Amino acid sequence: MKRPAVFLDRDGTINEQMGYINHLSRFVFLPGVTEAVRLLNQNNFLVIIVSNQSGVARGYFPIDLVHEVHAYLKASLKERGAIIDGIFFCPHHPRGVITEYGYTCDCRKPETGLIDMACESFDIDLSNSYVVGDRHIDIELAHRSNLDGIMVKTGYGLGEVEHILPQKSIKPIHVASDLLDAARWIVGRMKASNDGKA
Ligand SMILES: [Mg+2]
Ligand SMILES: [Zn+2]
């Protein structure tokens with residue numbers, strides 16, 4: 001049975017935007033994230049994180065640090081009853097100094113590789129899925145993957161909505177104040193559409 005997914009950006013959407021998260025101590029959850037993830041869990045959405053972590057290719061931190069952060073992220077949420085179904089990240093960058101990761105890949109957002117990977121691991125109903133993020137590249141990713149994109153005003157969001165979004169032809173379907181607001185909007189839209197079918 002296919003399930004819809006909400007693809008979540010990480011930095012600035014789930015945790016505070018602090019530049020590169022090059023140490024676990026820099027990972028700080030934004031308010032309302034637990035409740036947002038729980039709400040999506042309860043409404044049958046897969047919750048999947050898609051994140052660019054080019055700091056690996058740039059040599060700013062090892063890939064193990066990314067795994068450590070993700071283990072902490074998942075465990076902290078799980079303790080509070082919120083389940084992250086999957087995490088996919090891009091460690092690459094075209095100008096990266098770490099040879100193993102320093103190339104032009106097809107998974108650095110807004111390229112769609114991370115979503116393609118998620119679709120290989122999960123049976124996803126893409127027609128009812130979303131991307132939520134604080135940057136326009138997340139909306140571009142949504143567009144390229146034929147999904148609806150929602151921008152949050154946390155992280156870079158407020159500035160991007162004000163200064164970047166007006167120049168772009170590809171727009172989010174909704175601008176939310178934060179992840180919990182986005183999750184409530186998604187669930188409300190799904191319920192309205194189900195009522196329409198009843
Ligand atoms: Mg972000
Ligand atoms: Zn990549």
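Basis for what follows: all heavy atoms, side chains included, without hydrogens, waters or symmetry-related copies. This structure is a prediction, so every number in the text was calculated from the model and none was measured. Just follow the structure's listing: the first ligand is 1, and inside any ligand the first atom is 1.
- In this structure, SG of Cys107 and ND1 of His92 enclose an angle of 110° at the Zn ion (ligand 2), rounded to 10°.
- Summarising the geometry, atom CD1 belonging to Ile14 is positioned 5.0 Å from atom CD1 belonging to Ile84; distances are rounded to the nearest 0.5 Å.
- Among heteroatoms of the N, O or S kind in Asp9, OD2 lies nearest the Mg ion (ligand 1).
- Ring geometry for His174 versus Trp185: interplanar angle under 30°, hence parallel rather than tilted (30 to 60°).
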Q.
Applying side chain to side chain donor-acceptor pair (under 3.5 Å) to His93 and Arg58, what does each step give before you reach the verdict?
A. CA-CA 7 Å; His93 194 273; Arg58 297 178 204 265; 3.2 Å; yes
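- An angle of 100° is found at the Zn ion (ligand 2) between Cys105 atom SG and Cys90 atom SG, rounded to 10°.
- Ring-plane geometry between Phe122 and Phe88 is classed as perpendicular, the angle between the planes exceeding 60 degrees on a 0 to 90 degree scale with a lower cut at 30.
- The minimum distance between the Mg ion (ligand 1) and any N, O or S atom of Asp11 involves atom O.
- Distances from the Mg ion (ligand 1) to each N, O or S atom of Asp134 single out OD1 as the nearest.
- You'll find the side chain of Ile150 reaches within 4.5 Å of the side chain of Ile173, heavy atoms only.
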